[in-house]
Amino acid sequence: MSSQDLLAQRHSARSFSNRPVTRDTLTAIITQAQLAPSWENTQPWKVYIATGDAATRLRQSHFQRHNQGQKSWTEVMPPKKSEWAAFPQANLDAWRSNMLGFFGSDAGQFADVQKDLFNAPALVYLTMPQKSSAYSAYDLGAFGYGILLAAQEHGVSGVPAYELVRYPEEIHQEFDIPADQAIFMGIALGYPSDSKVNALRTKRRPVTDILTLKH
Ligand SMILES: Cc1cc2nc3c(=O)[nH]c(=O)nc-3n(C[C@H](O)[C@H](O)[C@H](O)COP(=O)(O)O)c2cc1C
């Protein structure tokens, strides 16, 4: 598949079938993603993947915490609603209104798939040292996008999701991740089910809204 096709065809899938992703496929995806650029090749990322029983444990524990209304926290705090700058806030509002319009009376489906971590057979967690600069976060983003594109090439779908890292202590425990590693982001991988949630598509701003070209 050309890189143009990969970029155009990738979109978030949020409901997965029970079909597992093999160890070989996961290892190939991560090996390809490792080609991402990073500040002076620091490669600040580590990656932990739960499949099989480990993924079931994490999905169940997440579901329980969610249902009990346990307050979530992440090791890298997202901005509060009022803290977004006007431009991303406008895009967020457009995304929300597109999403609500798409689901209509089925809007609960979007919330429901979050609770059981999308039923994903492979839960991927990206960490970086607690002692990291914003440039390492930039590097981790490149690595994460590489995972999604490499997955796409292997016929595997995914979604990067804050939801996956809302309760980081359960992830630290499952993998015995040292406290000096921050669980920065999660990516759910698998083969999509035929659920309506997987038909959600998003648009981007016209390029002229974001690009300044000068000569
Ligand atoms: C940092 C980050 C956090 C996200 N968190 C969630 C999440 O918790 N739940 C979810 O369903 N999607 C989540 N997403 C997916 C975005 O909603 C999605 O990428 C965006 O709407 C664009 O859609 P697309 O991936 O289909 O192109 C997240 C994406 C990123 C990059």
Side-chain angles (χ1 to χ4, degrees), residues 3-16 33 36 45 47 58-59 62-63 65-66 70-81 83-85 87-103 106-120 122-128 132 134 136-153 156-168 170-171 182-193 195-207 209-210:
S3 60
Q4 194 184 346
D5 288 344
L6 280 178
L7 289 166
Q9 288 175 17
R10 186 217 59 84
H11 59 85
S12 291
R14 295 182 173 87
S15 171
F16 298 96
W45 48 71
V47 55
L58 284 167
R59 286 200 311 265
H62 188 90
F63 190 86
R65 287 169 194 253
H66 209 298
Q70 187 170 327
K71 193 167 160 23
S72 67
W73 58 279
T74 42
E75 293 185 291
V76 181
M77 289 310 285
K80 295 193 178 71
K81 194 167 172 14
E83 290 170 355
W84 290 101
F87 184 72
Q89 182 64 57
N91 294 334
L92 198 161
D93 292 343
W95 173 81
R96 188 158 287 151
S97 118
N98 171 55
M99 194 265 282
L100 291 174
F102 171 80
F103 283 111
D106 296 329
Q109 286 185 16
F110 188 86
D112 286 347
V113 292
Q114 316 279 328
K115 280 190 213 172
D116 74 346
L117 301 181
F118 319 100
N119 192 44
L123 303 172
V124 180
Y125 299 99
L126 309 184
T127 72
M128 63 182 184
S132 289
S136 288
Y138 177 93
D139 299 341
L140 227 66
F143 180 60
Y145 194 30
I147 291 175
L148 290 169
L149 294 178
Q152 172 91 6
E153 203 185 8
V156 174
S157 297
V159 61
Y162 162 81
E163 184 70 34
L164 285 148
V165 294
R166 282 180 63 187
Y167 304 115
E170 64 194 11
I171 308 161
I183 299 167
F184 184 66
M185 202 38 204
I187 300 177
L189 291 179
Y191 299 95
S193 75
S195 161
K196 179 177 177 176
V197 290
N198 290 335
L200 178 67
R201 295 291 181 275
T202 54
K203 293 202 182 90
R204 298 298 183 265
R205 298 286 288 233
V207 72
D209 282 7
I210 63 147

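Every number for a ligand or one of its atoms is a count from 1 in the order of the listing.
Minimum interatomic distance between Phe16 and Leu189 (heavy atoms only, all atoms of both residues): CE2-C, 4.1 Å. What you find for Tyr162 and Met185 is that their closest heavy atoms are N-CE, 3.6 Å.
Distance from atom 26 (O) of ligand 1 to its nearest protein heavy atom, with residue and atom name: Ser12 N, 2.9 Å. Of the protein's heavy atoms, Gln114 OE1, 2.9 Å lies nearest to atom 9 (N) of ligand 1. The nearest protein atom to atom 12 (N) of ligand 1, hydrogens excluded, is given as Arg14 NH2, 3.3 Å; this is a heavy-atom distance. The shortest contact between atom 23 (O) of ligand 1 and any protein heavy atom is with Thr202 OG1, 3.1 Å. Considering only non-hydrogen protein atoms, atom 8 (O) of ligand 1 sits nearest to Glu163 N, 3.0 Å. Of the protein's non-hydrogen atoms, the one nearest atom 5 (N) of ligand 1 is Tyr162 N, 3.0 Å. Nearest protein heavy-atom contact of atom 4 (C) of ligand 1 is Pro160 O, 3.4 Å. Nearest to atom 7 (C) of ligand 1 among the protein's heavy atoms is Ala161 CB, 3.5 Å.
Shown here is Gln4, whose CD atom has no more than 12 heavy atoms of other residues, nucleotides or ligands within 6.0 Å. The local environment of CZ in Phe87 is crowded, with over 12 non-hydrogen atoms from other residues, nucleotides or ligands closer than 6.0 Å.
Put simply, the side chain of Asp139 reaches to within 4.5 Å of the side chain of Trp45, judged on heavy atoms. No side-chain heavy atom of Gln109 sits under 4.5 Å from any side-chain heavy atom of Arg14. Residues Phe103 and Lys196 have side chains in contact (heavy-atom distance under 4.5 Å, counting atoms from C-beta outward).
Under the 4.0 Å distance rule, the nearest protein heavy atom to atom 20 (C) of ligand 1 falls outside the cut-off.
Heavy atoms of Arg204 found under 4.0 angstrom from ligand 1 belong exclusively to the side chain. For Arg10, every heavy-atom contact with ligand 1 shorter than 4.0 Å involves the side chain, none the backbone.
Set against the non-hydrogen atoms of Phe110, the atoms of ligand 1 under 4.0 Å away are 11 (O).
The closest approach between a heavy atom of Met185 and any atom of ligand 1 is below 4.0 Å.
A donor atom on one side chain and an acceptor atom on the other are found under 3.5 Å apart for Glu163 and His62.
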